[in-house]
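Please read these numbers as outputs of a predicted model, since none were measured by experiment.
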Amino acid sequence: MIRLTRRAGLATALVIPFAGARAQAPIGTAARPLRVGVTSGVHAQVLEKVQEVLARDGLVLKITEFGDFIQPNAALAAGELDANTYQHLPFLEAQKQQRGYDFVPVGRTVLTLLAVFSKKHTSLDALPQGARIAIPNDPTNGGRALLLLAKGGVIGLRPGLDYRASIADITSNPKRIRILELEAAQIARSLEDVDAGAITGNYAVPAGLNPLKDGLVAEGVDSVYSVLVVVHRANAEAPWAKALAAGYARPEVKAFVEGSFGGAIIPTA
């Protein structure tokens with residue numbers, strides 16, 4: 001606001017700041033925490049350890065947990081988050097293509113192994129004719145699950161496929177398996193109702209399932225589905241983005257991951 005006043009016969013302009021026109025606090029401070037979105041369960045637990053470690057350096061995080069794979073990206077796009085950490089590169093690329101997000105990864109966190117679990121059968125060979133198998137209904141993890149079922153010999157797929165494989169790409173199905181596409185977060189709770197289900201480690205571990213010990217078939221450590229720290233492209237070089245990504249590489253965080261999940265979650269930072 002500008003107010004004119006007279007002093008010694010001269011008109012002088014005095015500039016009076018508007019209320020609230022203070023400089024914004026830096027991101028990562030108590031006044032303006034670094035807002036990070038994450039899916040509930042394993043990724044939230046690991047992020048809480050990162051939060052604890054980075055707090056010693058004075059970086060303040062505010063964690064928001066989500067129950068699905070879609071909302072963390074929607075919240076990042078809406079400016080409600082500064083970063084999220086729950087998705088792998090194939091999922092990120094699919095989301096960018098479908099929704100137009102201008103996001104980039106700035107670091108890796110952990111690999112949550114995908115496995116096929118069953119409450120009714122002890123092996124894939126024991127699956128009966130017409131067995132029902134649940135897989136995630138999102139395009140990337142669904143294709144990832146189909147590749148795993150093909151690896152286990154349950155179905156055959158067209159050669160050369162990647163995570164974009166779909167049910168339409170099944171070329172052989174000797175047991176006439178019925179594939180049910182469900183929300184990823186629901187599959188662990190639905191195991192009693194199906195013959196088997198493909199579940200990512202971030203949902204399997206909280207449900208008491210270990211991909212390495214309990215899975216009828218599981219991905220190997222060479223999986224390309226490492227989870228990422230993701231931000232808007234404009235923030236890729238921001239100090240807080242680099243600090244958050246570097247937090248996952250801290251020895252204390254890696255030790256926490258290796259000691260907490262029985263090998264089902266693997267540090268990849």
Side-chain angles (χ1 to χ4, degrees), residues 35-54 61-76 80-81 83-92 95 105 107-119 134-138 140-142 144-145 148 181-194 196-215 218-219 221 223 225-230 244-245 247-248 252-269:
R35 304 165 302 170
V36 187
V38 66
T39 45
S40 299
V42 167
H43 296 313
Q45 293 177 55
V46 178
L47 180 57
E48 286 168 359
K49 185 64 179 181
V50 172
Q51 179 184 43
E52 173 190 318
V53 171
L54 292 182
L61 271 59
K62 178 183 178 182
I63 299 173
T64 301
E65 295 187 22
F66 295 86
D68 64 42
F69 288 164
I70 303 302
Q71 293 307 310
N73 274 342
L76 181 59
E80 298 166 4
L81 299 174
N84 66 41
T85 170
Y86 76 102
Q87 62 193 314
H88 49 62
L89 185 60
F91 185 85
L92 172 62
Q95 286 274 289
R108 300 196 300 173
T109 65
V110 297
L111 169 64
T112 59
L113 297 178
L114 177 76
V116 176
F117 300 91
S118 176
K119 296 283 189 180
I135 68 171
N137 65 359
D138 63 90
T140 53
N141 284 309
R144 183 181 176 189
L148 188 57
E181 296 177 289
L182 303 179
E183 183 72 31
Q186 297 177 359
I187 298 178
R189 300 192 296 269
S190 302
L191 279 183
E192 298 287 354
D193 302 319
V194 296
I199 308 172
T200 53
N202 56 305
Y203 291 124
V205 171
L209 302 168
N210 186 309
L212 298 179
K213 297 178 181 178
D214 305 318
E219 290 177 331
V221 296
S223 171
Y225 299 99
S226 178
V227 170
L228 307 168
V229 177
V230 174
L244 176 60
Y248 282 90
E252 307 97 307
V253 175
K254 289 188 173 185
F256 170 78
V257 173
E258 291 168 348
S260 300
F261 305 111
I265 311 297
I266 301 168
T268 56

Are any non-hydrogen side-chain atoms of [X] and [Y] less than 4.5 angstrom apart?
X: Leu114; Y: Asn141; value: no
X: Val42; Y: Val257; value: no
X: Ile63; Y: Glu48; value: yes
X: Phe261; Y: Gln45; value: yes
X: Thr109; Y: Leu228; value: no
X: Asn202; Y: Ile265; value: no
X: Gln87; Y: Thr39; value: no

Taking Asn84 for its side chain and Val38 for its backbone only, find out whether a donor-acceptor pair lies under 3.5 Å.
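Looks like no, no N/O pair under 3.5 Å.
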
Taking the side chain from Glu65 and the backbone from Ser40, do they hold a donor-acceptor pair closer than 3.5 Å?
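Not a single qualifying donor-acceptor pair exists.
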
Give the minimum heavy-atom separation between [X] and [Y], together with the two atoms involved.
X: Thr268; Y: Ser226; value: OG1-OG, 2.5 Å
X: Val227; Y: His43; value: CG2-CE1, 3.4 Å
X: Gly215; Y: Phe117; value: N-CE2, 3.8 Å
X: Gly67; Y: Ala185; value: O-CB, 3.6 Å
X: Gly263; Y: Leu212; value: O-CD1, 3.1 Å
X: Gly262; Y: Asn210; value: O-ND2, 3.6 Å

Cation-pi between Arg108 and Tyr248: NZ/CZ under 6.0 Å from ring centre and within 45° of the ring axis?
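No cation-pi geometry.
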
Side-chain donor-acceptor pair present, Tyr86, Asp68, cut-off under 3.5 Å:
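No, no side-chain donor-acceptor contact under 3.5 Å.
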
